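Values reported hereafter were calculated over all heavy atoms of this structure, with side chains retained and with hydrogens, waters and symmetry mates removed. These numbers were taken from a predicted model, which means no experiment stands behind them. Both counts, for ligands and for their atoms, begin at 1 and track the order of listing.
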Amino acid sequence: MKLTIVGGGGFRVPLVYGALLEKAERLGLAEVVLHDVDVARLERIAPVLEGLAAEHGARLPFRTTSVLEDAIEGADYVFCAIRVGQLEGRVVDESVPLGLGVLGQETTGPGGICFALRTIPVMVALAQTIAERAPAAWLINFTNPAGMVTEAVQQVLGERAVGICDSPSGLCRRVAGALGREPGELWFDYFGLNHLGWLKGVRDRREELLPALLDDDARLAGLEEGRLFGADWLRALQMIPNEYLYYFYYAADTVNAIRESPASRGAFLLEQQRAFYAEDGQDPAAALATWRATRHDRERSYMAEARSAAGDGSEHDIDANAGYESEAMAVLEAMALNTRAVLILNVANRSSLPVLDGRAVVEVPAVVGRAGPVPLAVGDVPADAGALVALMKEVERTTIDAALTGSSALAIKALALHPLVPSVTTARAIFAGYRARLPQLEEAFS
Ligand code: G6P
Ligand code: MN
């Protein structure tokens, strides 16, 4: 089995490689190929992987390349996590709307639209290379905004493209923890779009457990989402939203909190990651130690702006959300070993969520085996959530069309339709701000 990681010089690649080390034998994995357009980043990450292999005691063979065709040729699985425009782009995505009093965030709000506009053409080109060089491969996509990107690449690869995110499984794990139960014992009714989902039910053999949890202030206080959204708001919804919905339900609070913080998330990460990638020539053990320290700092401050807006002084629970690599492994294992596990993935809707058509990519539980993921029927959902999902799918599709046609009118329409953008005038100003600061975008839309 050949597995290719596109974005192989990325900071979270050691998480994936570390997980692969554990599973390689069982999966019959012979070769891992790391592809990146930036050779220096590959050179920085490779010793970290060597460090992991040394700790593990056996080395899963890997090689690095900057030639995409070589990386993709004959692959069985392609993992892809790239950041088009790098962290410099993320800083622009976040800061332009903030300058106009609108939420600035990596994937939610105008930031996610701008991120998608530059990412989708690159991802569709990658999908075409996969279709030519590795027509039997599965594309496991982590590239954000994962929902939009997955829907766009499905135009080329159909259902062989699957989108993943660690956020839904993190929520389920934390809710199980709040209930004092193991996640594997429970059934989680989760639905929505990527970074726009809700947990509408949790069941065990006997009963529905969510109502009692929502009535229990003490348990809710022990749950990150309980502190973030507040018990009263969770009771009003009668569901537990994905953490990213904080940016919808408490948009103004987040804008204020970000404005008061010393740096936006993107700016903080830009500094932090620059320092990490600048330090080269380390031996494997030292490279691994630096990487671990950097990662700890990154995860600890994850979503800090939302927690600070909510007045939650605690740190992010690193262990309860160490799911980035677990998600990728779970999909790989379910497909390679045909386990038919149920995983929450970004897949074509078919008829899972009745508020959307069959081709819409949604984030729902799916049975995953050798033939890929098959979404489960979610059925009816509360009308407020269904309406937001339907509207955001229109925003996503307008964004995809804008990205693939280079139409400014469509880009502005996508921004203006977004519920967090208060006016068409603001949408125009945001788009003009993006064009002024991103030469690549200016070129694509001129
Ligand atoms: C979670 C989300 C990802 C997102 C990341 C941001 O893992 O599921 O989609 O990219 O958080 O974390 P960061 O450390 O980059 O702010
Ligand atoms: Mn995600």
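In this structure, a donor-acceptor pair under 3.5 Å is absent between the side chains of Tyr17 and Glu50. Defined by atom type and a distance below 3.5 Å, a donor-acceptor pair is missing between the side-chain atoms of His316 and Glu299. When only modelled atom types and interatomic distance are considered, Ser169 and Glu327 share a side-chain donor-acceptor pair under 3.5 Å. For the residue pair Thr339 / Glu333, no side-chain donor-acceptor distance below 3.5 Å is found, with atom types taken as modelled.
The pair Arg397-Glu151 meets the salt-bridge criterion, since a charged nitrogen lies less than 4.0 angstrom from a carboxylate oxygen. Taking a cutoff of 4.0 Å between a charged side-chain nitrogen and a carboxylate oxygen, Arg437 and Glu88 do not qualify as a salt bridge. For Glu106 and Arg83, the salt-bridge test passes: some basic side-chain N is under 4.0 Å from an acidic carboxylate O. Using a cutoff of 4.0 Å between basic side-chain nitrogens and carboxylate oxygens, Glu396 and Lys393 are scored as salt-bridged.
Arg227 places no side-chain N or O within donor-acceptor distance of the main-chain N or O of Asp312, the cut-off being under 3.5 Å.
Contact atoms of ligand 1 toward Arg12: 12 (O), 13 (P), 14 (O), 15 (O) (distance under 4.0 Å to a heavy atom of the residue). Proximity to Cys165 (heavy-atom distance under 4.0 Å) selects the following atoms of ligand 1: 8 (O). Applying the 4.0 Å criterion to heavy atoms of Glu106 picks out, from ligand 1, the atoms 4 (C), 6 (C), 10 (O). Applying the 4.0 Å criterion to heavy atoms of Asn144 picks out, from ligand 1, the atoms 3 (C), 4 (C), 9 (O), 10 (O). For ligand 1, the atoms closer than 4.0 angstrom to any heavy atom of Asp166 are 1 (C), 2 (C), 7 (O), 8 (O). Atoms of ligand 1 found under 4.0 Å from any heavy atom of Arg298 (numbered from 1 in listed order, with element): 13 (P), 14 (O), 15 (O). Close approach to Arg265 involves these atoms of ligand 1, each under 4.0 Å from a residue heavy atom: 13 (P), 14 (O), 16 (O). With ligand atoms numbered from 1 in the order given, ligand 1 contributes 13 (P), 15 (O), 16 (O) to contacts under 4.0 Å with heavy atoms of Arg90.
By the criterion of a heavy-atom distance under 4.0 Å, the side chain of Tyr244, and not its backbone, is placed next to ligand 1. Only the side chain of His195 comes within 4.0 Å of ligand 1, counting heavy atoms alone; its backbone N, CA, C and O stay farther away.
Taking the six-membered ring for Trp and the full ring otherwise, the centers of Trp198 and Phe191 sit less than 6.0 Å from each other.
Put simply, part of Tyr302 is less than 4.0 Å from ligand 1, judged by heavy atoms.
Of all protein atoms, those that are N, O or S and lie under 2.8 Å from the Mn ion (ligand 2) total 2.
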Between Glu243 and Arg174, does the salt bridge (Lys or Arg N to Asp or Glu O under 4.0 Å) criterion hold? Intermediate values first, please. CA-CA 11 Å; Glu243 56 199 350; Arg174 286 188 293 273; 3.7 Å; yes
